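Please read the structure below before turning to the comments.
Lettering follows sequence order; numbering is per chain, from 1. Please read all numbers here as calculations on a predicted model, not as lab measurements. Only heavy atoms go into these numbers, but all of them, side chains included; no hydrogens, no water, no symmetry mates.
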There are 2 protein chains.
Amino acid sequence: MPSAVRAKGRALEASEEAAAPGSSRAARAAERRAAIVEAALEEFIARGFAATRLDDIAKRAGVAKGTIYLHFKDKESMFEELVRIVIVPVVERLTTLPPPTGSVRDLVEAFASNFLKEVANTRRGDLVRLIVAEGPRFPAVADFYYREVVSRGMAGMRALIELGIARGEIQQKNLARFPQILVAPALIAVIWQSLFARHFPLDAQEMLRVHLDLIFGERRTT
Amino acid sequence: MPSAVRAKGRALEASEEAAAPGSSRAARAAERRAAIVEAALEEFIARGFAATRLDDIAKRAGVAKGTIYLHFKDKESMFEELVRIVIVPVVERLTTLPPPTGSVRDLVEAFASNFLKEVANTRRGDLVRLIVAEGPRFPAVADFYYREVVSRGMAGMRALIELGIARGEIQQKNLARFPQILVAPALIAVIWQSLFARHFPLDAQEMLRVHLDLIFGERRTT
DNA sequence: AATATATGACTGACCGGTCAGTCAAAGTCA
DNA sequence: TGACTTTGACTGACCGGTCAGTCATATATT
């Protein structure tokens with residue numbers, strides 16, 4: 001065992017490798033894969049699918065172009081996998097959240113503020129815009145996003161709305177038919193940030209609060 | 001004159017020219033330009049900027065590729081002009097609409113239904129998605145869209161909201177600070193149509209009505 | 001005939017994808 | 001444990017197809 005450790009140390013000194021390479025081959029491979037995913041996400045967001053060059057992704061990931069093809073079949077499937085890889089953990093985090101506390105409004109508010117923190121002002125937000133942008137040309141991506149995010153989100157929101165109606169917190173009964181309305185401003189916020197923030201910064205937090213006031217009625221408690 | 005007609009007839013037979021050529025040169029040039037714009041719009045919407053081939057635009061417009069360059073400097077400026085060309089008339093139509101009648105709600109409702117008819121289920125709607133998609137890479141386009149559509153739309157909506165508040169039709173005073181909220185579901189509808197309509201058709205009309213109920217209170221009059 | 005337009009074959013830069021070769025790490029043996 | 005062999009991850013030069021933009025030629029108009 002100590003020999004293995006020493007061997008690793010030697011290897012590290014020998015090559016001019018950067019930072020903290022995981023020891024085993026598998027670990028290093030995983031790191032590289034992660035670097036590629038990270039770089040690809042960045043490039044795809046910045047340039048869109050068609051205009052992104054694999055060479056640039058490789059360079060940004062600190063990897064040779066060929067390496068990319070050890071991890072992904074081709075550019076297209078890389079893009080599709082990418083979306084899955086990035087979105088799945090977000091969905092998990094966002095769905096395992098709800099601690100069944102307090103009023104429905106509090107629940108929704110917690111969810112909203114979490115969304116702002118986790119998505120709206122993150123690379124993740126740009127990813128949403130990217131999906132909107134490329135969706136029509138990548139049915140697989142649109143399908144996946146619908147299944148994993150949209151339909152789930154709708155179901156969750158609808159449940160929340162119905163609970164709110166049952167408890168008398170929400171008046172407008174028809175809202176349950178269109179959970180999109182509840183989410184719409186959040187999506188607008190995401191799009192606004194990446195298109196118009198430079199022209200006119202938007203206080204998304206505040207906008208969402210006003211929107212919730214609209215749905216639940218003005219808040220008394222400060 | 002008859003000779004000219006005969007000559008034209010011959011030309012038409014000789015080349016496999018189409019349809020109804022406007023008589024004057026200027027007219028024919030305008031027609032061609034329009035055909036190119038139409039074709040380019042179609043292609044850009046379907047494939048996005050980078051993936052669109054000029055050859056395809058030319059073919060669809062029934063024109064040689066070189067002809068495109070008689071009307072536009074290059075692909076990029078063609079795209080930018082395209083957005084202007086298509087959007088300007090829509091803005092004009094939508095801004096010259098409001099006949100100063102009835103309640104604010106009626107005004108907004110008229111505007112909404114007009115939006116649905118003129119934009120949501122049209123190529124124009126797809127254009128909005130295209131702008132969202134390509135905006136970050138075409139600052140000129142994003143700027144233009146912000147100036148001509150977003151800021152104007154916001155101002156108009158804000159005016160309407162303030163009127164509604166003054167007349168007591170709208171309770172939530174803060175709404176005037178975020179006219180985006182009023183518009184959000186409309187944009188969602190546009191995006192939904194082009195991404196998820198196949199999975200789950202959305203009754204945009206009805207959704208907008210529910211949203212207005214939320215803002216103005218439930219409607220009594222059927 | 002002279003001019004204005006339109007054409008589409010052509011060019012060359014560019015980029016996705018490949019693959020022969022390299023070398024650190026894992027495996028084997030004494 | 002140290003030396004020798006095998007493996008396969010990684011590299012990057014290269015190839016071939018593609019496509020924006022050009023321009024000599026052809027066609028229409030005056």
Given atom NZ of A:Lys59 and atom P of D:dA13, what is their separation to the nearest angstrom? 12 Å

Rounded to whole angstrom units, what separation is found between the CD atom of B:Glu31 and the P atom of C:dA6? 11 Å

Rounded to whole Å, please give me the gap between CZ in A:Arg33 and P in D:dA9. 13 Å

Among B:Glu43, B:Lys75, B:Lys59, exactly one meets side-chain contact (heavy atoms from CB on, under 4.5 Å) together with B:Leu54. Which residue is that? B:Lys75

Under 4.0 Å from OP1 or OP2 of D:dC10: is there any side-chain N or O of A:Arg32 that close? yes

Measure from CD1 on B:Ile68 to P on C:dA6 and round the result to the nearest Å. 12 Å

Does A:Glu38 pair with A:Arg60 as a salt bridge, N-O distance under 4.0 Å? no

Go through the structure and list residues passing ring pair (Phe, Tyr, Trp, His ring centres under 6.0 Å) with B:Tyr146, not counting sequence neighbours. A:Phe196, A:His199

Which letters describe nucleotides 18-24 of chain D, given B = protein heavy atom under 4.0 Å from base, S = only from sugar-phosphate, - = neither? -SBBB--

In terms of relative ring orientation, are B:Phe79 and B:Phe44 parallel, tilted or perpendicular, with 30° and 60° separating the classes? perpendicular

Distance, rounded to the nearest Å, where B:His71 contributes NE2 and C:dA4 contributes P: 16 Å

For A:Arg84, the side-chain contact (heavy atoms from CB on, under 4.5 Å) test, sequence neighbours excluded, returns A:Glu80, A:Phe144

Just how far, in rounded Å, is C1' of C:dT3 from CG of B:Leu70? 15 Å

One should read off an interatomic distance between A:Tyr145 OH and B:Leu195 CG, to the nearest 0.5 angstrom, of 9.5 Å

